[in-house]
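What you see is a predicted model; the values in this text were computed from it and never measured. Here is how names work: the chains are called A, B, and so on, in the same order as the sequence lines, proteins then strands, and each is numbered from 1.
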Amino acid sequence: MTNHIPVLIITLPLIAAFLQPVTGFAGFKLRNLVIITILLVLNGLLFMLVPDVALQGKTIYYTMGASDPSQFTQPGISFPVRIVLKIDSFSLFTGIIVGVVTLTTFLFSTGTVKEDKRKSYFSTLFLLFTAGLMGMSFTNDLFNFFVFLEISSISGAALVAYRTYRKHAPYAGYKYILISTIATTFFLFGVGICYAQYGSFNIQYINSVLAHSYLDKVAMLFIIVAMAMKAGSVPMHMWVPDTYAEAPASISAMLKASGMVTLCAMFRFTFSLFGPSSSGAGKINYETLGWIVIVLGVLSMFIGVTMALIQHDVRRLMAFHAVSQTGYMLLGVGVGIAVFAKGDGGAAFKAFGKMAMVGGIFHIMNNAFYKNLLFLTSGVMERRFGTRNLNGMIGLGHRDTLTTVVFMIGALAIAGIPPFNGFDSKLLIYESVYKFSPVLAIIAMFVSVMTLASFMKVFYSSFMGPRRDDLIVEGAPLTKGTKAGLIILAALIILTGLFPGIIVDGIIEPAVTALTQIR
Amino acid sequence: MLSIFLYVTVVSLLILSITSVIYKRNLIKLVIALNIAESSVNLFFITLAYRPDSTAPIFTLAPALQELRMVLPSPQALILTNIVIGFATTALMLVLAVITYKNNGTLDIRKLKGVEDHD
Amino acid sequence: MNGKIIDLIIKPEIGIVWIPLLLVAVFFVFMVVFHVWGRKFFRNDYNENSDQVKPYNSGNLDEVNYSVKSSNLYWGFKKSMDRYFDIMKKFHDGDLNNYAKWFVIVVAACFLLIGGGLL
Amino acid sequence: MTFSVVLSILCAVILITAVLSILFRDLMAAVVSYAVFGLVMTVIYFMLDAPDVAIAEASIGAALTVCIFVIAIRMTRRREE
Amino acid sequence: MKLVSLLAMFIIAGFMFTGIGKLHLPGDPAGNSNVFSQRSSEKTDTANISTMDDYYLRNGQMETGSNNIVTSVVFDYRGFDTLGEAAVLFLVVTSISMLLFSIIKGKDLEETVLTDSDGFPAGMTRIVSIGTVLMLPIIMAFGAYLVIHGHLSPGGGFQGGAVMATGTALLVISSFVVRNLQKTYKLFSFFESLGLTVFIVTGFAGMGISFLHNFLANNDGSFLGKVIPLGTNPGFLNSGGILPILSTAVGIEVFCGISIILVLLSRALNARGSQKGGHKC
């Protein structure tokens, strides 16, 4: 049964969602319990994969419907014919992020999203969102990736527009689905061009016969820019603040997770699909590709933070920070891309390129923890004061000690203060990027300072100040589920912060080696 | 010779739809534009799958020639999926546009700023 | 887990000596020493229940329930970069056409890179 | 020879109906021209030896999508302001 | 700023048109496309467009037992895409019912049928109503035919379900008001989940070997497992293995899903809560 794990991870949420309308009327307590157990089982299955995929560096294939699922191709033919799921340590890394984020976010949403007839739809869409993200991180097939990308986009758009009584929520959902449809159409065009050249949809097979022609560059361009748009890097990021601000708190956390899975998919496409293939010498100039990603990253960092500083809507402020943190990941991995196929036999990559990539990908995991924590705390703040305007929030610290402590942990982590996990990955990024080109590192540090400044603004104005019970709209204490979600995330932040060695050696280092195939 | 018209149609449909997404102001008009973009991608896949003087990939009552040539089946299978996904996205966007109209009373992009005033 | 727990703690090859347990221990030692010995050097005329506890409202002594509004923090920074923020606000104003336009501009820029032989 | 002539005529019809459905200010007329676009797409798919896709495009692309558009326009405004 | 985007469009158009020149034209015979040339032995010339597809054409009948290779690719070789696709449709139906039930509230759920003096639904003229009643069985029969003969003639779950859904569209357009939306919605959504669960359970049934494994095909004439003669044959109904089951499951799901969308949209059209701006056009 253990070699069926990849399929179980994707199909369990699907079957739970399909049965939802029929079992949805069995009372919401039982439904929440069922969904939480399913998400726990998902995490369990993922961590069962860690020993042999991450530590021994094995790659598990799973061919759908084949007589022997663990073989990449059928006996007797050299090209894959069916859909293949590929679990190497990088896709396992993405899966772990999705598993942790969905578990904590659903725990949080049991408390905040109010129970009514439409809540069973909310949990169905939530499960399908999880299945979409899991599928996107595991699949090795281009069109299968497109189908799961579409699942996560549509469920994200519907969940953004969940609160239809708000003035702008449906329009934010419309923006999200329009941007996603443009991105998926161009992505499908890239897939069509790849199919036109090599007759297959399998990422590994196409990379083995890649001829680096003009059309491959066009296909790479469409696929990577479409993924960058969905991940929210700067020139195409303007939908991020509008969508995250209107969505319920747990859904903006999930949207951030889908943005990061899209970012990981973008790195997988640059390395596994269009990487320097074994057959042809790489004519694609990875230096320029790296510099494109670096420019996107630096722009995201700077514009994200400067716009965040002047916001007075707490969710829009955090959305702009999501954009600026995406800039850090793009910068880290961009340096790796620029250097990994350099002519000097990998000396530069061994010197700082690999450390930059380790920093960038470690930052993806760290960001998954603390950015979701901040989105969830902004959900609590919005529920307490009924408004998202920072000027209307005073003295929350007196009432919710847990939220205050958790917000402090998240804010210090995002600003990169030593004991917390933001510092470890940012340090790796600063050191390696400094060796690549000092100006980028200086910009990164300046942006980190401004991140701290904007979160101090939020903390100062909404948590401190005198106790004002007249402003509190809803004083009910947080439910057990909400507290559990916040505490798990805070504990994860502190653990990864104090013992980064375990996480870097256990999951991040094998992920980078799996991605770049360079020891 | 014949495929040049098809590929030119595909590219011009895509350019037309992306230009109209940039310039048109009505939300429902944008949905029509995106439908045209999806149809152009479908046409692109089907022209890739076409082979001259060959039949559809169905063996029931296919012409019983010795040299039976058939069109490529896998792009057609994918376009089946893509058409239904295009329909699904259209339905969702239309419902969201209708509810936006119910909340804001207008479908014009310039009037629907969707963003409260900045700080 | 390859390697003993000690190796995990001391990781010289990532360039920094990172001993979290040591940091935590040093922190506690410092706090204990400060609490026991260092406090004598500071003023000890602070007592809990006098009016020293109340926040110092810069002179006006009547009970003032206010907190600095978050929008006028960093006003100096905002004032000095006004031109930059005006441009930025124009970009993020919720106009869907501009959002799609930027995607087209990035694709066109990358196409120029491909055409120029750089990519 | 006639095959490629007919196909190129249909491609021209496709482009015309697409441009018309974008330019019409009256949304109902735009949707009607989109229905013609879907119909001609079905004929093109059938000529390119793809009967499965032709049936799908006919039933979903031309019939159901247009039906949903009509209902959506009736719930909002007809003329594009 | 509008000029920059126009210029960008021209740049993209230019580069894509040059791309067309380099694209493989379907005119030239790609690979050895004679279907009979090599049965089930793999052909490994240079990677050109048709290696994978020629494998489907040559081995599709043997491995999946269905004559329509497109359906065998849709439901067997790339069955996981179709599962994802059915999930997309279920997803859109759930989100539309979630969004529209915020408009359709209270009194609108139990609407009595608006009929004119002698019992025909008001709204459209009587010709349309009678026409609908006469046309409905034909449409439903044709849709069911497409679903069941999916693996023999062109058609399959999606097309058949969509054709049957056009029947519902006909009912909705001829303003046939649903008697009790709550009961109709429950019925349709139950069948939709039933279709999807049958699909994924059939996928799990082959789990002994692998997900979506076609365990029913080609085992000497048992249920749906008839071994079909290769090449042109008149087509046998009990031949596709799990293909007919999956096709029927998807047909039910697509029909019920799209019917839910149409019924909810038409009810929201004249719900009390909706904006009075909705005009009669």
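Within 6.0 Å of the CZ atom in E:F17, the count of heavy atoms belonging to other residues, nucleotides or ligands exceeds 12.
Neither side chain, E:Y56 nor E:E63, offers a donor N or O lying under 3.5 Å from an acceptor on the other. Remark: the B:Y101 side chain and the B:T106 side chain contain no N/O donor-acceptor pair separated by less than 3.5 Å. Between the side chains of B:N35 and B:T90, at least one donor N or O sits under 3.5 Å from an acceptor N or O. In the model, E:S5 has a side-chain atom that pairs as donor or acceptor with a side-chain atom of B:Y23 under 3.5 Å.
For the set E:H151, E:Q159, E:M9, the entry with the most heavy-atom pairs within less than 4.5 Å of chain B is E:M9. Contact count against chain B (heavy-atom pairs under 4.5 Å) is highest for E:V73 among E:L265, E:V73, E:T71. With chain E as partner, the option from B:I85, B:L92, B:L94 having the largest number of non-hydrogen pairs under 4.5 angstrom is B:I85. Chosen from E:D81, E:I261, E:N67, E:V92, the residue pairing most often with chain B at heavy-atom distances under 4.5 Å is E:N67.
Between the side chain of E:S247 and the backbone N or O of E:G150, no donor-acceptor pair lies under 3.5 Å.
One distance of note links OG1 of E:T64 with CG of E:N214; it measures 7.0 Å at 0.5 Å rounding.
Heavy atoms closer than 4.5 Å to chain E are found nowhere in B:L6, neither backbone nor side chain. Residue B:V10 does not touch chain E at all, counting heavy-atom pairs closer than 4.5 Å. No part of E:L264 comes within reach of chain B, as not one of its non-hydrogen atoms sits under 4.5 angstrom from that chain. Only the side chain of B:L80 has a heavy atom closer than 4.5 Å to any heavy atom of chain E. The contact between B:V84 and chain E is made by backbone and side chain atoms together, counting heavy-atom distances below 4.5 Å. Contacts between B:L78 and chain E at a heavy-atom distance below 4.5 Å involve the side chain alone, from C-beta outward.
Of all heavy-atom pairs spanning B:I58 and E:P154, the tightest one is CD1-CG, 3.5 Å. For the pair E:A162 and E:V254, the tightest heavy-atom approach, listed with the atom from each and the gap, is N-CG1, 3.7 Å. Closest non-hydrogen pair, E:L100 versus E:A268, comes out as CD2-CB, 4.1 Å.
Listed in order of number, the residues of residues 84-91 of chain E that approach chain B to under 4.5 Å between heavy atoms are E:E85, E:V88, E:L89.
At a threshold of 4.0 Å, the pair B:R69-E:D53 does not count as salt-bridged, since none of the basic side-chain nitrogens sits closer than that to a carboxylate oxygen.
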